[in-house]
Protein chains: 2
Amino acid sequence: MTDIAQMAFRALSDPSRREMLRMLGDRDLTVAQVSDGFDMTRAAVKKHLIILEEGGLIRSRTQGRERINTLHPDGLRPVLDWLGWFDRFWDDRLSDLKATIEQKDPSDD
Amino acid sequence: MTDIAQMAFRALSDPSRREMLRMLGDRDLTVAQVSDGFDMTRAAVKKHLIILEEGGLIRSRTQGRERINTLHPDGLRPVLDWLGWFDRFWDDRLSDLKATIEQKDPSDD
DNA sequence: TCAATATAAAACCAAAAGGTATCACAATTG
DNA sequence: CAATTGTGATACCTTTTGGTTTTATATTGA
């Protein structure tokens with residue numbers, strides 16, 4: 001199935017993969033560097049990264065013998081688009097929620 | 001695992017379940033009524049509804065011999081909270097994106 | 001009452017998911 | 001060059017997922 005949104009939702013459904021996205025939000029990382037943050041083999045991490053890339057959430061480029069993984073935030077758009085449909089059910093909509101979120105973690109840098 | 005956000009993400013990872021949420025966005029539905037919209041048995045639909053309820057995305061109440069399923073939009077908040085972390089990576093943030101979404105489907109009612 | 005209907009619950013099954021171990025190979029480094 | 005390191009690719013294993021079928025039970029309606 002090549003449904004873009006589906007591949008993104010699928011990629012987000014695993015907690016390890018979501019954590020990887022956050023790690024990559026701080027800086028680009030090689031497969032080995034990502035693996036350092038998890039209690040699983042590199043092979044397993046590699047598979048997760050493939051799924052994240054298939055979901056459009058990261059990009060990767062090979063540099064020498066290493067593969068550099070980069071967060072691709074735009075890949076979250078299909079997810080936000082889908083969630084946007086439910087906007088009409090909130091009094092404080094996505095726009096206000098954004099402010100709420102930013103308030104919640106004022107120094108989360 | 002009782003992680004709220006995880007259960008919500010999990011519930012959203014299946015396209016049939018996402019479609020069910022949209023159906024329930026229009027009106028409350030019994031299990032049988034939801035089943036009418038899908039090419040699968042009631043038992044299968046029922047399981048999906050259980051997962052949606054575990055994810056906090058719907059509520060259900062029994063009325064006579066029927067079970068009425070209701071959308072519970074607040075259940076999406078943990079998901080939006082998580083996504084909010086990535087807000088800093090967009091120039092047009094969630095707030096602007098919301099406008100974009102509303103533009104895209106002006107008569108999607 | 002009796003038949004039909006809606007849900008519930010359990011057993012079962014194939015495929016997908018998440019993980020491991022292993023081997024191969026290219027790129028680096030001493 | 002030789003040893004090490006990082007990745008890639010398989011094969012394999014176990015658990016979860018998404019589905020079916022079957023059986024049971026509670027409501028409803030004629």
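Numbers restart at 1 for each chain; the letters A, B, ... are given by sequence-line order, proteins then strands.
Without hydrogens or angle criteria, B:Gln6 side chain to A:Ser13 main chain gives a donor-acceptor distance under 3.5 Å. Looking only at distances, a side-chain donor or acceptor of A:Arg17 sits under 3.5 Å from a matching main-chain atom of A:Ala11.
The stretch residues 49-62 of chain B has no heavy atom under 4.0 angstrom from DNA chain C at all. Proximity of residues 28-46 of chain B to DNA chain C (heavy atom under 4.0 angstrom from any strand atom) is restricted to B:Thr30, B:Val31, B:Ala32, B:Arg42, B:Lys46.
Using a 4.0 Å cut-off, no side-chain N or O of A:Arg65 falls inside it from OP1 or OP2 of D:dG8. Within the 4.0 Å cut-off from OP1 or OP2 of D:dT17, not a single side-chain nitrogen or oxygen of B:His48 is found. Residue A:Arg10 places at least one side-chain N or O closer than 4.0 Å to OP1 or OP2 of C:dA17.
A:Arg67 places its CZ atom 16 Å from the C1' atom of D:dT5, with the value rounded to the nearest Å. A straight line from CG of B:Asp14 to P of D:dT16 spans 18 Å, rounded to a whole angstrom. In this structure, the CG atom of B:Leu12 is 12 Å from the P atom of D:dG18, given to the nearest Å. Atoms CD (B:Gln63) and C1' (C:dT7) sit 14 Å apart, rounded to a whole Å. Atom CD of A:Glu66 is separated from atom P of C:dT28 by 8 Å (rounded to the nearest Å).
Closest approach of A:Met40 to A:Ser16, counting heavy atoms only: CE-OG, 3.7 Å. Counting all heavy atoms, side chain and backbone alike, A:Leu21 lies closest to A:Ile58 at CD2-CG2, 3.6 Å.
Between A:Arg67 and A:Asp28 there is no salt bridge, since no side-chain N of the basic residue sits under 4.0 Å from a carboxylate O of the acidic one. Between A:Arg18 and B:Asp81 there is no salt bridge, since no side-chain N of the basic residue sits under 4.0 Å from a carboxylate O of the acidic one.
Between the side chains of B:Ser60 and B:Glu53, at least one donor N or O sits under 3.5 Å from an acceptor N or O.
Side-chain atoms of B:Lys47 lie closest to D:dG19 of the nucleotides C:dT7, D:dG19, C:dG18.
Surrounding CD1 of A:Ile4 are at most 12 heavy atoms belonging to other residues, nucleotides or ligands under 6.0 Å away.
No side-chain heavy atom of A:Val79 sits less than 4.5 Å from a side-chain heavy atom of B:Val79.
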